[in-house]
Amino acid sequence: MLKSTLRSFLAHKGRLFLSALAVILSVAFVAGSLIFSDTVNRTFDRLFASTSADVAISPKDDSDARVPTGHTPTLPAALAKEVAKVDGVAATHIDASVENVTVADRDNDPVGPTTGAPTIAVNWYETERSPVRLTSGHAPRGAGEALLDADTADKKDVGIGDPLTVIAPPGSFKVKVVGIVTFRTTNPGAALLFLDTPAAQSKLLGDKDAATSIAVDAAPGVSDAELKRRVAAALGSSSGSASASGSGSASDSASDSASDSAYELKTSAEQAESAADELGGFLDVIKYVMLGFAGVAVLVGVFLIVNTFSMLIAQRTRELGLLRALGADRRQVRRSVLIEAVLLGVVGSTLGLGAGIGLAAGLIELMGLFGMNLKSTEMAIGWQTPVASYVVGVGVTFVAAYLPARRAARVSPMAALADAEITGVGRPLKLRALVGAVIAAAGTAALVGCAVAGDTSTSASLLGLGVALTLVAMVVAGPLLVRPVIRVLGGAFPALFGSVGRMSQRNALRNPRRTGATAAALMVGLALVGGLSVASASMTKSFDEQIDRTLGADFVVNGAANPFAPFPAEVTEKVRGTEGAGLTVRNRFAPLTLRMPDGKSVKSTAAGYDKRVDEVLNLSYARGSTARALAPGHVAMDKDFAEDHGVRVGSVLPVEVADKREADLTVGALTDMDLAEGPGLEGGLFMGLGTLAKYAPDGQDATLYVNAADGTDAGTLRDRLESALDPYPQLKVLDQADYKKLIREQIAVLLYLVYALLGLAIVIAVLGVVNTLALSVVERTREIGLLRAIGLARRQLRRMIRLESVVIAVFGAVLGLALGLVWGVSMQQVLALQGLKAFAVPWSTIVAVVIGSVVVGIVAALLPALRASRMNVLEAIAHE
């Protein structure tokens with residue numbers, strides 16, 4: 001039996017290779033994502049471990065602000081001298097560093113990454129732990145000199161002696177590049193600008209006596225944990241972070257001594273862990289996207305493998321029957337098929353692992369384009385990667401082949417004498433109908449629950465459950481839909497193509513299970529595309545309607561890359577001083593924590609506006625007014641948020657605003673605007689700018705709403721504003737149409753992912769259709785020979801196979817789009833809970849997908865049709 005199995009596997013290696021491609025793709029994405037993330041993690045672990053101070057002291061910041069406010073937490077620089085006196089301290093260094101800076105060259109073009117990585121300005125001092133070393137020029141001396149990292153200098157063509165403009169929170173200032181520094185290990189993608197320490201304190205922090213953190217070096221023989229304990233005791237405070245690795249029990253006791261410390265102390269290990277956690281969010285996005293592709297490949301590959309083995313077993317009915325007649329029992333036959341599947345999985349996993357290494361190398365090179373200079377020679381391949389690769393590859397093929405293997409074991413010894421081509425074609429589908437109906441009912445109930453749920457998390461959970469169940473139901477019940485749907489889709493074939501069209505339609509109807517499984521590969525991808533396309537179109541329409549409804553200003557001035565990015569006060573002065581600029585309303589943000597009447601503590605971000613905000617924004621209220629909302633000591637919030645927490649107009653809420661400033665704010669108004677609330681903006685909170693500035697005085701403006709003065713043309717004002725803001729490349733002047741375009745571009749990122757998933761699904765679906773048609777041609781060899789003998793021309797034969805392929809592909813597209821539309825409606829209900837209540841169907845995308853499915857069917861049929869047309873008629877008739 002083992003010899004027979006190996007011979008059978010090698011005899012069908014050409015057909016099985018098509019199925020192995022699905023395994024290769026899925027394993028490649030799994031292995032590539034794991035190798036890439038392991039490589040990045042190891043590289044940065046080494047970077048953080050080698051550059052972190054033994055102990056770092058920083059101001060404690062519990063605000064958890066996800067919206068930038070321009071506020072830079074600081075501590076007294078003089079603290080470094082106190083810490084230097086502690087026994088066991090070898091040296092201390094103050095750090096003055098900010099990330100929300102823009103650096104521009106002499107042409108006012110930004111010098112720094114445009115891919116989301118920060119531009120960091122920091123004070124210069126060099127130790128053995130410095131991430132960079134000075135490689136040319138000299139250290140900065142005085143406020144007018146700076147160092148720039150070599151990667152940024154090379155990309156932006158900046159050299160020693162070139163002038164730069166630094167736009168920092170306190171204001172803009174000029175520097176000259178006097179030296180270039182080079183990273184000792186890996187450039188994490190940021191641009192680094194170094195200033196003299198006094199200059200950094202005054203120009204970056206606006207306070208010559210402030211620092212953002214203090215680095216403490218331990219004396220020989222003193223551990224990091226012991227040093228942390230001594231420093232905490234000397235400061236009469238604790239780190240507030242005793243749970244990280246390496247802190248030790250001594251550090252734990254220091255942490256327990258005063259939990260209300262204004263400072264946070266971290267050892268080198270804790271700093272590295274914290275930095276890795278922050279980086280992990282970025283890496284997780286890449287990792288999970290790739291694993292999402294792997295999941296699609298696995299899911300679609302299962303259908304392909306099931307179909308392949310089912311057809312091979314159907315074609316080998318006589319062979320299996322003969323084995324049974326010679327003494328092989330059912331268990332041996334089943335084991336034979338499963339061994340073939342395992343061999344296929346091993347081959348596919350091995351090739352997929354190799355492809356995954358290549359994919360990881362490509363990702364590493366791609367990250368170099370984004371400024372993260374990783375080295376392919378330092379690629380990390382942990383033991384988990386090959387294990388995961390073989391578990392996925394072998395596991396998928398084994399599971400997919402199990403049902404066909406059981407079917408093979410049921411072949412009777414008498415089948416060796418039968419002349420049947422296909423087994424099980426006419427078996428009733430009653431069990432499928434019953435199981436599919438039960439699963440579909442459960443999935444429908446989950447989606448209905450998603451639509452009526454009032455809580456976002458509950459709705460999203462039900463959405464996920466409903467999507468999974470309805471997908472399974474469609475796969476199970478798909479063969480039941482083959483005959484009614486394909487009769488409609490191919491109904492015009494007889495009239496258009498005569499007998500060839502009639503035969504192509506009947507061929508697609510011949511085996512509903514096979515047709516359903518073949519179409520399922522395409523259905524899965526198109527269902528995802530349909531659902532996400534409806535969701536993105538609904539998001540776009542919702543934002544468009546919100547902008548039309550709420551934006552009343554002629555122009556909006558805010559960040560080009562990040563609309564929430566704050567800017568210095570001089571920008572506001574420039575805009576207000578522009579000729580023709582009329583009313584200018586400022587907007588800024590501050591993190592706050594509210595203690596609600598229901599006992600819950602809610603962290604959010606409040607917006608602050610100038611008094612005449614009604615003239616630039618169209619605000620609507622369920623209770624109260626703008627005057628009440630912006631009154632001193634008052635706050636406004638969304639009415640639904642207020643109802644959820646038992647808040648009403650006149651309620652007094654204890655609030656903690658930035659740096660633990662406490663206040664009691666009175667609810668002055670409840671809004672009713674159905675605005676989208678992003679992460680960190682829960683509750684739609686806003687107040688007067690005077691109230692916000694009282695408790696967060698060092699915040700910065702994030703948006704300016706500008707109206708043209710009487711007698712000034714809007715187009716003229718725009719030109720003047722853009723000219724005035726030319727020195728600030730991080731800012732844009734937007735009108736209503738520009739604002740909509742900006743939102744669409746941000747949503748388009750989701751669509752790019754959708755189209756990538758579509759591409760992957762199409763590739764695997766084409767393989768599935770090719771595989772099915774190729775095996776079908778072999779299966780129908782004698783039939784094709786007879787058709788040729790009675791006069792069917794080669795061209796007609798090719799057309800028949802192409803039409804069969806097209807109708808199967810369109811069938812899959814119809815099921816996928818129908819399922820995707822249902823998912824899209826449900827996704828929109830989840831979005832509606834976040835204020836995105838508009839619904840839109842991207843009909844152009846749907847039409848394009850249907851047309852694309854026809855093309856897929858034609859392309860997939862090319863090789864099988866060509867092979868069928870080249871058959872020798874007499875040999876085909878004699879084929880068994």
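Model, not experiment: these values are computed from the prediction.
- Each of Thr671, Thr626, Asp672 was checked for a side-chain hydrogen bond (donor to acceptor under 3.5 Å, both in side chains) with Tyr621, and the lone residue meeting it is Thr626.
- Across all non-hydrogen atoms, the minimal contact from Ala607 to Leu692 is C-CD2, 4.4 Å.
- Residues Pro597 and Leu653 have side chains in contact (heavy-atom distance under 4.5 Å, counting atoms from C-beta outward).
- A search for ring-ring contact (aromatic ring centres under 6.0 Å, His included) contacts involving His645 returns Phe641, not counting sequence neighbours.
- Nearest heavy-atom pair, Ala838 versus Gln828, reported as atom, atom and distance to 0.1 Å: O-NE2, 3.1 Å.
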- Message: Applying side-chain contact (heavy atoms from CB on, under 4.5 Å) to Leu821 and Val825, what does each step give before you reach the verdict?
- Response: CA-CA 6 Å; Leu821 286 174; Val825 171; 5.6 Å; no

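- Scanning all heavy atoms of the two residues, the minimum distance from Lys603 to Thr593 falls at CG-OG1, 3.6 Å.
- Residue Phe555 comes nearest to Ala714 through the heavy atom pair CZ-O, 3.1 Å, listed as atom of the first residue, atom of the second, then distance.
- In this structure the side chain of Met827 reaches within 4.5 angstrom of the side chain of Leu463, judged on heavy atoms.
- Applying the salt bridge (Lys or Arg N to Asp or Glu O under 4.0 Å) test to every pair with at least one member in residues 562-575, sequence neighbours left out, gives no pairs at all.
- A salt bridge is defined here as a Lys NZ or Arg NE, NH1 or NH2 lying under 4.0 Å from an Asp or Glu carboxylate O, and Lys600 with Asp644 fails to meet this definition.
- Side-chain contact between Met637 and Leu670 is present, with heavy atoms from C-beta onward closer than 4.5 Å.
- No side-chain heavy atom of Leu594 sits under 4.5 Å from any side-chain heavy atom of Val635.
- Within 6.0 Å of CZ in Arg576 there are more than 12 heavy atoms belonging to other residues, nucleotides or ligands.
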- Task: Before giving the answer on side-chain contact (heavy atoms from CB on, under 4.5 Å), spell out for Asp614 and Leu619 the whole-Å C-alpha distance, their side-chain angles and the decisive distance to 0.1 Å.
- Result: CA-CA 7 Å; Asp614 271 335; Leu619 306 175; 4.0 Å; yes

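- Residues Pro729 and Pro110 share a closest heavy-atom pair of CB-CD, 3.7 Å.
- Gln700 has its side chain within reach of Pro568: a pair of non-hydrogen atoms, C-beta onward, lies under 4.5 Å apart.
- Here the side chain of Ser58 pairs no donor or acceptor atom with the backbone of Ser213 at under 3.5 angstrom.
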- side-chain contact (heavy atoms from CB on, under 4.5 Å) between Gln736 and Asp548, intermediate numbers included: CA-CA 8 Å; Gln736 194 174 80; Asp548 289 336; 3.2 Å; yes

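- Residues passing the side chain to side chain contact (heavy atoms under 4.5 Å, CB included) test with Val652, sequence neighbours excluded: Asp664, Thr666.
- The backbone N or O of Ala440 sits nowhere less than 3.5 Å from a side-chain atom of Thr470 that would complete a donor-acceptor pair.
- For Ala553, the side chain to side chain contact (heavy atoms under 4.5 Å, CB included) test picks out Leu551, Val616, Tyr705, Asn707, with sequence neighbours left out.
- Under the 4.5 Å side-chain criterion, counting only non-hydrogen atoms from C-beta, Leu462 is not in contact with Ser826.
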- Item | side-chain contact (heavy atoms from CB on, under 4.5 Å) assessment of Ile120 paired with Ser97 | CA-CA 7 Å; Ile120 303 173; Ser97 171; 3.5 Å; yes

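- Residues that satisfy the side chain to side chain donor-acceptor pair (under 3.5 Å) test with Thr72, not counting sequence neighbours, are absent from this structure.
- Annotation for Lys694: atom NZ does not count as buried by contact number, only 12 or fewer foreign heavy atoms lying within 6.0 Å.
- By the neighbour-count criterion of 12 heavy atoms within 6.0 Å, atom CG of Asp710 is sparsely surrounded, having that number or fewer from other residues, nucleotides or ligands.
- Tyr609 pairs by the ring-ring contact (aromatic ring centres under 6.0 Å, His included) definition with Phe686, not counting sequence neighbours.
- For NZ of Lys732, the number of neighbouring non-hydrogen atoms (other residues, nucleotides, ligands) closer than 6.0 Å is 12 at most.
- Between Asp554 and Arg718 there is no salt bridge, since no side-chain N of the basic residue sits under 4.0 Å from a carboxylate O of the acidic one.
- When atom types are taken as modelled, the side chain of Asp610 and the backbone of Arg612 share no donor-acceptor pair closer than 3.5 angstrom.
- Arg648 places none of its side-chain heavy atoms less than 4.5 Å from the side chain of Val667.
- Considering every non-hydrogen atom in both Ile57 and Leu235, the closest pair reads CD1-CD1, 4.2 Å.
- Residues Trp823 and Leu528 are in side-chain contact: their nearest non-hydrogen atoms beyond the backbone lie under 4.5 Å apart.
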